[in-house]
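Report on the structure given below.
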Amino acid sequence: MFKEELELVPTKPGSYQMYDKNDIVIYVGKAKNLKRRLSSYFNRTQTGKTAELVKNIAYFKYIVTNTELESFILEINFSFISIIETVLL
């Protein structure tokens, strides 16, 4: 699952967004190493809430940052925007 896409992900810090089939953001996260973090969702067996999340991921996007702090700020901003969009839609 997503093998080709994961090969293109850099090993830099950043924020990532998971989308469902309706183009709705279902998860926002940050990572010190985007490739390692994103791969962890798809290259091993998940359980519980994470398994349910992975089952619903249609695609993901990411934004590379220079520092982990920038990743954290992006994560917060995307989470806030997702909440606002959900409330307004």
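Given the structure is predicted, the values throughout are model-derived calculations rather than measurements.
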Ring pair (Phe, Tyr, Trp, His ring centres under 6.0 Å) with Y59: which residues, sequence neighbours excluded? Y19
Pick one: which of Y16, Y62, F60 meets ring pair (Phe, Tyr, Trp, His ring centres under 6.0 Å) with F2? F60
Quick one: list whatever passes side-chain hydrogen bond (donor to acceptor under 3.5 Å, both in side chains) with N66, sequence neighbours left out. none
If the condition is side-chain hydrogen bond (donor to acceptor under 3.5 Å, both in side chains), which residues does E75 pass it with, not counting sequence neighbours? none
When you compare the side chain of T11 with that of L34, does any pair of heavy atoms fall below 4.5 Å? no
Taken to the nearest 0.5 Å, the spacing of L6 CG from N43 CG works out to 6.0 Å
The reported gap from CG in L53 to CD in Q46 (rounded to nearest 0.5 angstrom) is 8.5 Å
Quick one: which residue pairs count as a salt bridge (Lys or Arg N to Asp or Glu O under 4.0 Å) with a foot in residues 2-23, not counting sequence neighbours? none
Test: salt bridge (Lys or Arg N to Asp or Glu O under 4.0 Å). Region: residues 42-67. Which pairs qualify, not counting sequence neighbours? E52-K55
Apply side-chain hydrogen bond (donor to acceptor under 3.5 Å, both in side chains) to the pair S71 and S15, showing each step before the final yes or no. CA-CA 5 Å; S71 302; S15 174; over 6 Å; no
L74, L69: one ILVMFWY side-chain cluster at the under-4.5 Å cut-off? no
Side chains of residues 24-33: which donor-acceptor partners sit under 3.5 Å, not counting sequence neighbours?
| unit_1 | atom_1 | unit_2 | atom_2 | d |
| --- | --- | --- | --- | --- |
| N33 | OD1 | K35 | N | 3.2 |
| N33 | OD1 | R36 | N | 3.0 |

